[in-house]
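Encoded as structure tokens, the structure appears first; notes follow it.
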Amino acid sequence: MRFINKTCCSLSLIIVFSCVVGSDFEAPEDNCDSDMEANISFEDLEGFFNDETIQIQEDLIIEGYIISSDRAGNFYGVLYLQDHPTNPAKGLQLEIDLRNSHLFFEVGSKVQVKLKGLFLGKSGETLKLGGSFSAFGNVSVGRLPALKVPDHIFLSCGDIEEVKPILTNILDVENVPANVLVKLDSLEVMDEGLGMTFALPKEETEIILKDCNENEMVMLNSGFSDFQAEVLPDGNGTITGILQKDGKKHQLVIRDLNDLDFSNDRCPEIITEFTSNQIFISELADPDNNSKARFVELYNASEESLHLNKWILQRYTNDKTAVSSSIDLSGFIIEGKSTFVISPNAAEFELIYGFSPDLGVSTNSPADSNGDDNLELVDPFGVIIDRFGIIGEDGSGTNHEFEDGRAVRNLNITKGNPSYTFSEWTIFNDTGDSGTTKLLQNAPEDFTPNEHQ
């Protein structure tokens with residue numbers, strides 16, 4: 001859709017001199033130059049860059065559409081262009097030392113850029129054009145002086161285009177080109193940011209946004225912007241901004257507060273803390289032939305998967321009555337009718353058993369017991385769901401010793417037990433005391449990690 005009939009222009013030195021002084025002035029009159037045609041694409045221009053900043057010597061002209069604005073002060077000394085007003089394939093950053101550039105280059109304006117004499121560089125995934133500056137002998141892209149702007153940037157003939165942002169979401173921005181206009185829906189400020197302002201005074205500030213699935217995105221705001229002191233919105237909604245990428249770091253920069261519409265209700269609270277007595281310890285391993293092949297196996301006897309957020313596996317060494325070490329299981333999911341294997345030496349575990357454990361932890365952890373310790377599985381609410389051994393009793397010579405052996409949960413057990421019950425277990429060790437079986441166990445043949453059998 002086209003709107004606001006506007007003839008294009010080239011800027012004269014006189015206009016630049018008279019208009020960059022302040023903000024209370026009229027936009028320059030149009031002076032259309034229709035003889036200029038683009039002869040290189042954004043993609044081909046990117047091919048010129050080869051790991052170091054270069055000065056372009058060829059008579060090249062690139063054509064693009066303005067998507068940024070310094071009207072609200074969130075952008076300064078920079079123009080962002082993309083190669084098409086809708087569904088762009090590439091975007092780039094043009095650095096210019098020109099205040100109030102929005103008065104010359106409105107959003108949606110089609111411009112041609114004469115590239116000869118400009119410097120080309122790249123930062124992360126951002127392709128940059130401009131002047132140059134040198135630091136420690138290295139040349140980088142810098143701001144093009146204001147007096148040079150009319151020699152290189154020209155408004156094209158025709159109407160201003162409506163630039164339509166690419167509709168995307170946090171997970172899919174990876175597939176969207178950098179430095180183009182995007183729009184994301186159902187976002188809100190993280191709880192920790194509520195009540196804060198858009199930016200600290202005179203400081204570039206990152207605001208963390210999230211969607212209703214707890215995926216996160218950074219909104220980058222200038223401490224010099226007109227809206228710096230405004231309080232962040234507490235609702236949920238859409239954000240339109242220019243997508244910047246640097247490796248795995250992605251962030252959005254809005255042009256002004258009109259790019260935000262957080263007028264909807266916030267996302268419902270996501271509850272990730274669940275309990276179940278159908279998760280329990282199913283196997284403990286202390287191989288006689290390789291102590292580095294120890295592990296603890298958990299089993300979910302239910303049909304449903306369960307988030308292990310804030311679940312803890314803790315160990316009481318020997319006859320200790322205080323917790324000696326613990327493992328936070330947050331961030332993991334144990335699928336229904338499935339095991340979850342924890343190893344204190346993931347590399348050795350994979351070498352011995354032929355596959356990676358679900359979780360690799362450190363030595364001297366609950367997964368590294370030498371067979372005479374006691375373990376507990378605790379849910380997010382502090383409830384003991386399952387226990388192996390008797391707290392305060394050294395396992396040596398008891399019915400909960402698995403030294404140089406193995407303790408495996410009997411297959412008829414489908415629930416955890418907060419009170420250790422010997423009849424629920426089959427235990428092998430090097431003593432055979434108290435009803436256990438004296439039979440050394442060697443890895444890998446005598447163990448079944450990842451198989452509750």
Side-chain angles (χ1 to χ4, degrees), residues 276-289 291 293-302 311-321 323-327 329 334 337-344 353 357-358 365-379 383-453:
S276 171
N277 63 0
Q278 291 183 283
I279 295 180
F280 51 83
I281 302 167
S282 52
E283 186 172 0
L284 301 169
D286 178 40
D288 176 61
N289 63 328
S291 62
R294 292 170 178 164
F295 65 85
V296 173
E297 178 191 83
L298 306 180
Y299 183 69
N300 180 4
S302 72
W311 282 70
I312 294 173
L313 182 67
Q314 55 194 28
R315 167 185 171 183
Y316 298 81
T317 301
N318 301 332
D319 60 355
K320 303 295 185 185
T321 56
V323 174
S324 305
S325 60
S326 62
I327 299 171
L329 301 174
I334 182 167
K337 298 294 184 182
S338 297
T339 59
F340 186 88
V341 180
I342 309 168
S343 164
Y353 297 106
D358 296 291
S365 67
D368 195 29
S369 174
N370 64 353
D372 54 7
D373 306 313
N374 305 299
L375 289 87
E376 287 178 340
L377 182 63
V378 184
D379 77 2
V383 177
I384 298 170
I385 298 300
D386 197 26
R387 176 180 284 150
F388 177 84
I390 299 172
I391 309 303
E393 179 178 271
D394 189 306
S396 298
T398 70
N399 63 6
H400 54 93
E401 178 191 359
F402 62 99
E403 186 172 346
D404 297 330
R406 174 194 189 208
V408 61
R409 206 64 168 264
N410 296 333
L411 292 179
N412 63 322
I413 303 303
T414 59
K415 295 181 180 179
N417 188 345
S419 298
Y420 174 68
T421 302
F422 174 59
S423 62
E424 296 182 358
W425 296 85
T426 299
I427 298 178
F428 304 91
N429 55 36
D430 58 359
T431 65
D433 293 336
S434 302
T436 60
T437 301
K438 183 179 180 180
L439 183 62
L440 300 178
Q441 302 288 286
N442 292 315
E445 60 268 22
D446 293 327
F447 297 90
T448 59
N450 211 31
E451 299 178 22
H452 182 46
Q453 61 181 33

Looking at every heavy atom in both Tyr420 and Ile427, which two are closest together, and how far apart are they?
OH-CD1, 3.4 Å
Run Phe340 and Leu329 through side chain to side chain contact (heavy atoms under 4.5 Å, CB included) and show every step you take.
CA-CA 10 Å; Phe340 186 88; Leu329 301 174; 4.2 Å; yes
Between the CD1 atom in Ile385 and the CD atom in Glu376, the distance rounded to the nearest 0.5 Å is 11.0 Å
Any donor-acceptor pair under 3.5 Å linking the side-chain atoms of Thr448 with those of Arg406?
yes
Yes or no on side chain to side chain contact (heavy atoms under 4.5 Å, CB included) for Asp404 and Asn429, after CA distance, side-chain angles and deciding distance?
CA-CA 6 Å; Asp404 297 330; Asn429 55 36; over 6 Å; no
For the ring pair Trp425 and Phe402, is the centre-to-centre distance below 6.0 Å?
no
Would Ser369 and Asp286 count as having a side-chain donor-acceptor pair, cut-off 3.5 Å?
no
Please report the interatomic distance CD1(Ile391) to CG(Leu375), rounded to the nearest 0.5 Å.
8.0 Å
Taking the side chain as every heavy atom from C-beta outward, state whether Tyr299 and Glu283 have any atom pair closer than 4.5 Å.
no
Examine distances only and state if a side-chain atom of Thr431 and a backbone atom of Asp433 form a donor-acceptor pair shorter than 3.5 Å.
yes
Is there a side chain to side chain contact (heavy atoms under 4.5 Å, CB included) between Arg409 and Asn417? Walk through the geometry before answering.
CA-CA 11 Å; Arg409 206 64 168 264; Asn417 188 345; 4.0 Å; yes
Decide yes or no for Glu403 and Thr436: does some side-chain heavy atom of the first lie under 4.5 Å from some side-chain heavy atom of the second?
no
Among Asp386, Thr339, Leu377, Val341, the one residue meeting side chain to side chain contact (heavy atoms under 4.5 Å, CB included) with Leu298:
Leu377
Hits for salt bridge (charged side-chain N to carboxylate O under 4.0 Å, His left out) against Glu401, two or more places apart or cross-chain, chain-then-number order -> none
More than 12 heavy atoms of other residues, nucleotides or ligands under 6.0 Å from NZ of Lys337: yes or no?
yes
dist Arg294:CZ -> Ser365:OG (nearest 0.5 Å) comes out at 10.0 Å
Taking the side chain as C-beta and beyond, is there a heavy-atom pair between His452 and Phe280 under 4.5 Å?
yes
Is there side-chain contact between Ile342 and Ile327, with heavy atoms separated by less than 4.5 Å?
yes
